[in-house]
Amino acid sequence: MTASHFLVTNMANHVVSRAVPPSLSAKIVGSFAYLTVRDRLPTILTKAVDTIHRNKNKFFEEHGEEGVQAEKRAISLLSKLRNELQTDKPVLALTDDMVDTDMWNQYLQRQHALMEENECPSWFKSPWLYVECYMYRRIQESLRLNPPICDFDVFREAKMQSFFESQQAIIAICTYLQGLNKNIDELSETHLLDQFQKLLQVALWGNKCDLSISAGQDNSQKSSPVDSLESLKPFILVDDSNMVWSILMNNKRPGGAEKLQVDIVLDNAGFELITDLVLADFLVSSGLASKIHFHGKSMPWFVSDTTREDFEWTIKQTLAANHKWMSKSGAQWQRYLKDGTWFYHDHPFWTLPHEFCDMAANAPDLYSTLQKSDLIFFKGDLNYRKLTGDRDWEHTVPFEKALRGFQPAPLCSLRTLKANVQVGLQPGQGENLTASEPNWMTSGKYAVIQYCRPQREQ
Ligand SMILES: O=P(O)(O)OC[C@@]1(O)O[C@H](CO)[C@@H](O)[C@@H]1O
Ligand SMILES: [Mn+2]
């Protein structure tokens, strides 16, 4: 490489590195990240300790004295974790032997290399995305290190409660779906688009129901979701649903893609998961898609995120419901899973701390799987933070730029805003919102339907 070439390349890298803003971090006192790490994460840890303690008798009944000893050890590990967090101790390497342990410890080394000479990764100095994901992985470690309670899900009760308390809304949306499916073949394209937008918005607002932002407080869905869509429209800051529709319509038009595959990267269990299953059912029953691939988490995550157990339990619960249209929906969903119309995956990458622009390098198998998709929906706020790298972007930066090369397929984020990162807005839109509602990025009141199509296809 000639000197001038080296200089140009270096400058280009410098320009690129300068163009990527810093990660959100709790080192900014008073920031949402700071308040999350200082207040909300310790609360979540305390609730986890309480949940394990409340199950002490269950552990004894199932495992005898060994179960009680394991309960004690898990609680002491979680209490130690809470103290490390609250006193900004260094982030520690993981000591369990899971499939992702090495990836986590390599990431820790990578974070260390980015710090100043005499500094090391810690809760209030490292990127918020990293330490928050790390906390949930340490909760997993505190159980994995203590057989026989290794598989205990500290968040399971909260996820089930959220499902049971949203029954009215779940009945309403299943009834709506079955009514739609009855004459779906007679719907004109205009009516089909109208129904698609309705169910897309139901899935979008289903994301309000997340137990991490509420630190486990009640977030059940009380009223019928379809009735409130009109009143919620002004709070959708970006609505690219028409661009998403054009991808789906390709499949319907003569000569369109025969087998249109849609992937849904899931977020929360409970009511939100039902809205995702309803959307997926509609996409198949309308003929807009022929295969749906769901992607869940391989361990309990961010309190309410969907695991394989949650996914299977939710479908079984819906099937077993003593409500005709819920039960009919659950039966259909079970059939889709059995006959290969629907698939469920839980790649370990979704519970690593990486920004999605690192996926191709760190999980090439997952990236190439996603490249087979015709359209990928990313549900929720944490996925949006990883899509954009949880960085302090200007609000008018194009979504595609914030993705920094992560474009396995056309993708659409369905996200209610619960963290202070938002790109792809019009000039002045962010400033106007800040003037009228300073916490517009973290209240969960606003949302985006934000789409990006890979460069090569434009
Ligand atoms: O991904 P979700 O369920 O929509 O939200 C996850 C979340 O509640 O957790 C973090 C705050 O602790 C933020 O990313 C966001 O507020
Ligand atoms: Mn979540």
Side-chain angles (χ1 to χ4, degrees), residues 23-26 31-48 85 123-124 127-137 139 153-156 158-159 162-163 203-221 264-276 294-307 310-311 314 346 350-351 353-356 377-392 412-422 439-450:
S23 306
L24 297 179
S25 160
S31 68
F32 187 70
Y34 175 84
L35 298 173
T36 298
V37 176
R38 188 192 69 182
D39 304 331
R40 211 142 33 83
L41 297 190
T43 303
I44 290 167
L45 282 175
T46 302
K47 284 180 186 259
L85 190 165
W123 296 87
F124 285 84
W128 174 33
L129 177 64
Y130 173 46
V131 297
E132 188 167 28
C133 291
Y134 173 76
M135 181 191 85
Y136 288 98
R137 182 58 179 80
I139 291 175
D153 177 348
V154 291
F155 305 126
R156 186 135 191 73
K159 291 182 276 190
S162 157
F163 176 87
L204 171 72
W205 295 114
N207 179 242
K208 273 179 182 270
C209 306
D210 124 56
L211 294 167
S212 162
I213 189 79
S214 61
Q217 290 308 312
D218 164 46
N219 69 356
S220 53
Q221 190 70 16
I264 304 179
V265 181
L266 298 171
D267 189 356
N268 302 307
F271 177 71
E272 179 172 2
L273 176 56
I274 291 286
T275 67
D276 299 332
F294 297 95
H295 302 269
K297 301 300 194 300
S298 60
M299 68 182 79
W301 195 250
F302 278 66
V303 185
S304 40
D305 281 25
T306 302
T307 63
D310 298 325
F311 187 82
T314 300
D346 53 5
W350 303 116
T351 49
H354 299 70
E355 302 169 40
F356 286 165
F377 286 111
F378 284 93
K379 292 300 306 295
D381 190 73
L382 176 60
N383 277 323
Y384 192 85
R385 290 173 58 197
K386 289 186 167 184
L387 284 166
T388 58
D390 213 35
R391 292 173 180 275
D392 191 14
C412 177
S413 167
L414 299 176
R415 173 232 183 173
T416 55
L417 279 65
K418 298 177 240 172
N420 51 322
V421 51
Q422 181 57 55
N439 67 344
W440 63 277
M441 279 192 278
T442 55
S443 62
K445 210 173 129 184
Y446 291 91
V448 294
I449 300 172
Q450 201 157 36

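For ligands, and for the atoms within them, numbers begin at 1 and follow the listed sequence.
- At a heavy-atom distance under 4.0 Å, atoms from both the backbone and the side chain of Leu382 approach ligand 1.
- Residue contact check: Asn207 has heavy atoms under 4.0 Å from atoms 4 (O) of ligand 1.
- Applying the 4.0 Å criterion to heavy atoms of Gly380 picks out, from ligand 1, the atoms 4 (O).
- Ligand 1 places these atoms under 4.0 Å from at least one heavy atom of Arg385: 10 (C), 13 (C), 14 (O).
- In Arg40, the part holding a heavy atom less than 4.0 Å from any atom of ligand 1 is the side chain.
- Residue Asn268 has at least one heavy-atom neighbour below 4.0 Å for each of these atoms of ligand 1: 3 (O).
- No donor-acceptor pair under 3.5 Å is formed between the side chain of Ser162 and the backbone N or O of Ala158.
- In this pair, Phe356 and Trp350 present their aromatic rings perpendicular. The plane angle is above 60°, beyond the 30 to 60° band.
- The backbone N or O of Asn207 lies less than 3.5 Å from a partner atom in the side chain of Lys418, making a donor-acceptor pair.
- Taking the six-membered ring where the residue is Trp, the centroids of Phe155 and Trp301 are separated by 6.0 Å or more.
- Judged purely by distance below 3.5 Å, without hydrogens or angles, the side chains of Gln450 and Tyr384 pair a donor atom with an acceptor atom.
- Atom OD1 is the N/O/S atom of Asp267 found closest to the Mn ion (ligand 2).
- Near Thr36, meaning under 4.0 Å from any of its heavy atoms, are these atoms of ligand 1: 12 (O).
- Remark: the backbone N or O of Ala203 is paired with a side-chain donor or acceptor of Lys379 at under 3.5 angstrom.
- Where the criterion is an N or O separation shorter than 3.5 Å, residue side chain and backbone included, Glu132 meets it with respect to ligand 1.
- Contact annotation: Asp305 places an N, O or S atom under 2.8 Å from the Mn ion (ligand 2).
- The backbone N or O of Ala269 lies less than 3.5 Å from no partner atom in the side chain of Asp310, so there is not a single donor-acceptor pair.
- In this structure a side-chain-to-backbone donor-acceptor pair under 3.5 Å is present from Thr306 to Asp267.
- Residue Asn383 has no nitrogen or oxygen atom sitting less than 3.5 Å from a nitrogen or oxygen atom of ligand 1, judged on distance alone.
- Residue Asn268 counts as close to the Mn ion (ligand 2), with an N, O or S atom under 2.8 Å.
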